[in-house]
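Keep in mind the model is a prediction, meaning the values are calculated, not measured.
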Amino acid sequence: MTSDSAIQIREVLPSEHALLGDLTVDSYLKGGFLIGGLEDGYTPHLRDVAHRAAHATVLVAVDGERLLGGVTIAFPGSPLMELGGDGDAEIRMLAVDPAAHGRGAGSALAAACVETAKAAGTKRIVLCSQQEMTAAHRIYRRLGFEREPALDWEPLPDVMLWAFALRL
């Protein structure tokens with residue numbers, strides 16, 4: 001994977017909420033991560049960037065005007081926290097436009113989450129990921145995340161989410 005120096009990371013703008021929601025759904029759908037396709041119960045959550053931005057920090061990767069991807073980082077007290085406890089941050093819904101794969105946008109977004117969590121004084125970052133999301137797992141491992149099997153969970157029958165954690 002290469003890193004593209006044209007990629008910038010910043011907070012999402014309200015005018016980008018719908019576009020990022022569509023990009024996130026498209027990324028999960030084309031990656032085969034929405035088990036029920038567009039009818040999957042997780043689709044509305046992926047699409048609702050306004051809700052995420054109201055309760056967490058949503059970062060985007062851009063190249064000029066082009067939106068390449070996005071990620072959410074939640075902190076204690078956020079309804080978006082699923083795994084994290086006191087002193088933790090949690091990465092949610094990392095997605096990259098399939099047309100931008102290989103440019104380093106996913107790595108840049110994940111690294112920005114680590115820096116955001118460090119700046120906030122958190123002690124640990126956690127996340128969960130479908131077992132099949134192997135490209136994301138490589139990104140997380142390069143950043144120092146380790147599997148945290150004690151936090152694995154099953155949101156639906158036969159859907160096991162693997163947990164990862166990075167102690168800061």
Side-chain angles (χ1 to χ4, degrees), residues 1 4 7 9-63 66-74 78-84 89-114 116-117 125-143 145 147-148 151-166:
M1 172 153 324
D4 189 327
I7 295 174
I9 306 297
R10 62 167 170 74
E11 286 195 41
V12 69
L13 302 173
S15 61
E16 297 168 323
H17 287 177
L19 181 60
L20 180 57
D22 290 344
L23 181 153
T24 304
V25 169
D26 189 49
S27 175
Y28 275 62
L29 188 62
K30 288 184 177 166
F33 308 126
L34 287 175
I35 296 162
L38 288 176
E39 302 304 315
D40 189 289
Y42 197 47
T43 300
H45 300 286
L46 295 172
R47 198 176 298 284
D48 194 354
V49 176
H51 175 76
R52 287 191 266 154
H55 298 285
T57 300
V58 179
L59 302 174
V60 292
V62 295
D63 180 354
R66 182 172 173 223
L67 190 64
L68 303 176
V71 67
T72 300
I73 183 165
S78 170
L80 296 170
M81 293 280 283
E82 291 180 333
L83 303 178
E90 185 168 337
I91 295 175
R92 301 286 315 275
M93 303 176 201
L94 175 66
V96 174
D97 181 342
H101 284 181
R103 292 189 56 191
S107 294
L109 286 162
C113 287
V114 171
T116 300
I125 307 172
V126 296
L127 62 94
C128 60
S129 178
Q130 290 180 27
Q131 295 175 29
E132 299 80 13
M133 293 178 164
T134 56
H137 300 170
R138 285 190 298 274
I139 291 170
Y140 302 138
R141 286 190 172 105
R142 276 196 305 268
L143 290 170
F145 283 83
R147 282 276 291 117
E148 192 79 30
L151 295 177
D152 289 356
W153 67 292
E154 203 172 0
L156 298 169
D158 300 320
V159 178
M160 178 59 71
L161 297 180
W162 281 359
F164 293 81
L166 173 65

Side chain of [X], backbone of [Y]: donor and acceptor closer than 3.5 Å?
| X | Y | answer |
| --- | --- | --- |
| T116 | A112 | yes |
| R52 | L46 | yes |
| S107 | I139 | no |

Do [X] and [Y] make a side-chain contact, defined as non-hydrogen atoms from C-beta onward lying under 4.5 Å apart?
| X | Y | value |
| --- | --- | --- |
| E11 | L59 | yes |
| L80 | H51 | yes |
| L151 | C128 | no |
| L83 | E148 | no |
| D152 | R147 | yes |
| T24 | R47 | no |
| Y28 | M93 | yes |
| Y140 | L94 | yes |

Atom [atom1] of [X] and atom [atom2] of [Y]: how far apart are they, to the nearest 0.5 Å?
| X | Y | atom1 | atom2 | answer |
| --- | --- | --- | --- | --- |
| F145 | H137 | CZ | NE2 | 12.0 Å |
| E16 | R10 | CD | CZ | 4.0 Å |
| D26 | L19 | CG | CG | 10.5 Å |

Considering all heavy atoms, the nearest [X]-[Y] contact:
| X | Y | value |
| --- | --- | --- |
| F33 | Q130 | O-NE2, 2.8 Å |
| A117 | A89 | CB-CB, 3.9 Å |
| G84 | E90 | N-OE1, 3.0 Å |
| L67 | D97 | O-OD2, 4.3 Å |
| L143 | A110 | CD1-CB, 3.5 Å |
| G21 | V49 | N-CG2, 3.4 Å |

Problem - Identified side chain to side chain contact (heavy atoms under 4.5 Å, CB included) partner of L109 from the options I7, L68, I73, I9 - result: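 With L109 as partner, I7, L68, I73, I9 yield a single side chain to side chain contact (heavy atoms under 4.5 Å, CB included), made by I9.
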
